[in-house]
Amino acid sequence: MSSYFTDLAQQYIGGEWRPGSGSWDIIDFNPYDDAKLASITIATVDEVDEAYRAAQAAQKEWAEVNAYARRAVFEKALKVIEEREQEITEVIIAELGGTYLKAGFELHLAKEFLRESIQLALRPEGRILPSPIDGKENRLYRVPVGVVGVISPFNFPFLLSLKSVAPALALGNGVVLKPHQNTPITGGTLVAKIFEEAGLPGGLLNVVVTDIAEIGDAFIEHPIPKLISFTGSDKVGRHVATVAAQNFKRTILELGGNSALVVLDDADIDYAVDAAVFSRYVHQGQVCMAANRVLVDRSVQAEFTEKFVAKVKSLKVGDPSDPSTVIGPVINSSQADSLKSVVEQALAEGATALVHGSTTDNLVEPSVLTDVPAGSALLQQEVFGPVVFLIPFDGEEEAVRIVNDTPYGLSGAVHTGDIERGVHFAKQIDTGMFHVNDGTVHDEPLVPFGGEKHSGIGRLNGETTVDAFTTQKWISVQHKRSFFPF
């Protein structure tokens, strides 16, 4: 077992590693074999306060540091990750139940986003705007928001923590990070350790490992953070948004999805099958962009279904430390039980199981369900695991209606032999992202990422990241004299 699970099983506050002062511990388990990885005494409300105050104190000086000097920290952090790639891979496999394939996918994206953060330090630009008043000069400055609170999820914790933490720091902010309780190392203290080794000044990044049972809404309500960046379920996101709004804070909410991959009558069937299987089953389907629903034109339904089912049955389920494993465990027993209930409910409603996977502890084998009644609540919700609904349709108009018939709007994909037909289809879908002749799971450093409807508020990546973690300040200068009427 990696030494990270002993060395990093602490809080990181004000540049110091220390135990929490709470009265109980968060136990970090391996979801595959239930082995105990670490025990972390939780942070209390007082330590959340200390973390925010440390970030606020350090941020004032950090904001004055030359952007080129700030950039050097992120260049070093990237080097640290590259040097420790094998160790980080082992941590992802042990703590998340991620496969080698998943770990490689997450690390690749994490490095790409860190490379973008190196450039973000130089990205903010000011403007001078004209004025209708003689002699007046309007200067528009872009400045850091101050301190950012980041709450990261369990599915891609290393990537999704870095995705907010790194740009927030690069743009001159301080950060307090609260990782998910199931992934406190990968999503929290490991990130802190990398930046500590990269030379980030102490206090700028703080990690508090805790639980709402201990701190309630203190992480969100605290008066210091001006922005809360949350990635997780829409249910929790709704609560985060409500509490933040009551305290006049901005939010970036990256929430759940119910994405569809659509196969039109002129699609390359073999390619569409490959895209659909990856889009549903990457990281056991525990991905917000995963294709919960696969829609197939009835004219190609038989061919697609036969090939799709055959490929799903070939996926190896088991130990994520085995390089040949494609599907490892889901994150915990609650998630496994929930997925089992989804399949049972679908079958009770009259669905047909083309593949009916069994559940052993946290290992949930793939299931492929069809004939789910059109009015079923299952088709409306996010299913966070290796269960997929195959839905036939007649013509594009019906497909558009089915895809949009969900409270979510995050991602999706359409497969067709005509690119412009695919683009026309994509424009009709009420979603933040949509892909033609590809999978549903994509994230790139320069392209705005985010959803519509219940899938979130705001965007990250590229220029939208600058907008998210900075604010605009108007300073006017009167070179002549203003006229005052009294």
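The structure presented is a predicted model; accordingly, all values stated were derived computationally and were not measured.
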Do [X] and [Y] touch side chain to side chain, with heavy atoms closer than 4.5 Å?
X: L354; Y: L390; result: yes
X: D438; Y: V436; result: no
X: S367; Y: V355; result: no
X: V296; Y: T305; result: no
X: T370; Y: V368; result: no
X: L107; Y: I81; result: yes
X: Q345; Y: L378; result: yes
X: H435; Y: S411; result: yes

Practice item. I would like to know whether D443 and N461 meet side chain to side chain contact (heavy atoms under 4.5 Å, CB included); could you show each step before the answer? Key: CA-CA 9 Å; D443 198 358; N461 303 356; 2.8 Å; yes

Donor-acceptor pair, distance only, cut-off 3.5 Å: does the side chain of [X] make one with the backbone of [Y]?
X: T99; Y: I327; answer: no
X: Q286; Y: V330; answer: no
X: N247; Y: V243; answer: yes
X: S259; Y: A291; answer: no
X: E106; Y: F158; answer: yes
X: H180; Y: N182; answer: yes
X: S161; Y: P157; answer: yes
X: Q335; Y: F384; answer: yes
X: S39; Y: D25; answer: no
X: Q284; Y: P329; answer: yes

So, [X] and [Y], do they make that salt bridge, N to O below 4.0 Å?
X: D28; Y: K36; result: no
X: D467; Y: R142; result: yes
X: R84; Y: E197; result: yes

Practice item. Could you walk me through whether Q380 and D405 pass side-chain hydrogen bond (donor to acceptor under 3.5 Å, both in side chains), step by step? Key: CA-CA 7 Å; Q380 298 285 318; D405 185 19; 3.3 Å; yes

Check your understanding: So is K163 actually on top of F449's ring, under 6.0 Å and inside 45° of the axis?
Key ->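 Yes, K163 sits over the ring of F449.
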
Check your understanding: Regarding K102 and the six-membered ring of F156, is the cationic atom NZ or CZ under 6.0 Å from the ring centre and inside 45° of its axis?
Key ->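 So K102 does make the cation-pi contact.
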
Practice item. Please step through side chain to side chain contact (heavy atoms under 4.5 Å, CB included) for the pair Y408 and K453, ending with a clear verdict. Key: CA-CA 5 Å; Y408 298 96; K453 300 190 281 189; 5.8 Å; no

State whether the number of non-hydrogen atoms from other residues, nucleotides or ligands found under 6.0 Å of [X] atom [atom1] is greater than 12.
X: I27; atom1: CD1; answer: yes
X: R298; atom1: CZ; answer: yes
X: D361; atom1: CG; answer: no
X: E125; atom1: CD; answer: no
X: E397; atom1: CD; answer: no

Would you kindly say whether [X] and [Y] are connected by a side-chain donor-acceptor distance under 3.5 Å?
X: D211; Y: Q181; value: yes
X: N362; Y: N332; value: no
X: T183; Y: E95; value: no
X: D297; Y: S299; value: yes
X: T325; Y: K316; value: no
X: E365; Y: S358; value: yes
X: H415; Y: D266; value: no

For a quick test of reading the model, state the closest non-hydrogen atom pair linking [X] to [Y] and the distance between them.
X: N155; Y: L96; value: O-CD2, 3.4 Å
X: L295; Y: A260; value: CD1-CB, 4.1 Å
X: V207; Y: A192; value: CG2-CB, 3.7 Å
X: E452; Y: T431; value: CG-C, 3.8 Å
X: A272; Y: L261; value: O-CD2, 4.4 Å
X: L227; Y: A468; value: CD2-O, 3.2 Å

Gap separating the [atom1] atom of [X] from the [atom2] atom of [Y], nearest 0.5 angstrom:
X: S152; Y: L160; atom1: OG; atom2: CG; result: 7.5 Å
X: I391; Y: L379; atom1: CD1; atom2: CG; result: 5.0 Å
X: I429; Y: T406; atom1: CD1; atom2: OG1; result: 11.5 Å

Practice item. Dump the intermediate steps for salt bridge (Lys or Arg N to Asp or Glu O under 4.0 Å) on R123 and E116, then the final yes or no. Key: CA-CA 10 Å; R123 194 73 60 81; E116 174 61 14; 2.6 Å; yes

Practice item. Take V343 and L339 through the side chain to side chain contact (heavy atoms under 4.5 Å, CB included) test and state the conclusion after the steps. Key: CA-CA 7 Å; V343 175; L339 292 162; 6.0 Å; no

Check your understanding: When the ring planes of F434 and F425 are compared, do they come out parallel, tilted or perpendicular, using 30° and 60° as the limits?
Key ->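 Tilted.
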
Point to revise | Passing option when R280 is tested against V294, N292, V441, T440 for side-chain contact (heavy atoms from CB on, under 4.5 Å) | key: N292

**Study point:** Results of salt bridge (Lys or Arg N to Asp or Glu O under 4.0 Å) for E112 - residues two or more places apart only
**Key:**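 With neighbours one apart ignored, the set is R115.
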
Exercise for review: Might you work through the side chain to side chain contact (heavy atoms under 4.5 Å, CB included) test for T251 and F230, ending with a clear yes or no?
Suggested key: CA-CA 7 Å; T251 53; F230 170 81; over 6 Å; no

Review point. Of E83, E82, E75, E85, which is the lone residue that meets salt bridge (charged side-chain N to carboxylate O under 4.0 Å, His left out) with K111?
Key: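 Result for salt bridge (charged side-chain N to carboxylate O under 4.0 Å, His left out) with K111: E85.
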
**Study point:** Worked check of side-chain hydrogen bond (donor to acceptor under 3.5 Å, both in side chains) between D418 and H424
**Key:** CA-CA 10 Å; D418 182 340; H424 175 72; over 6 Å; no

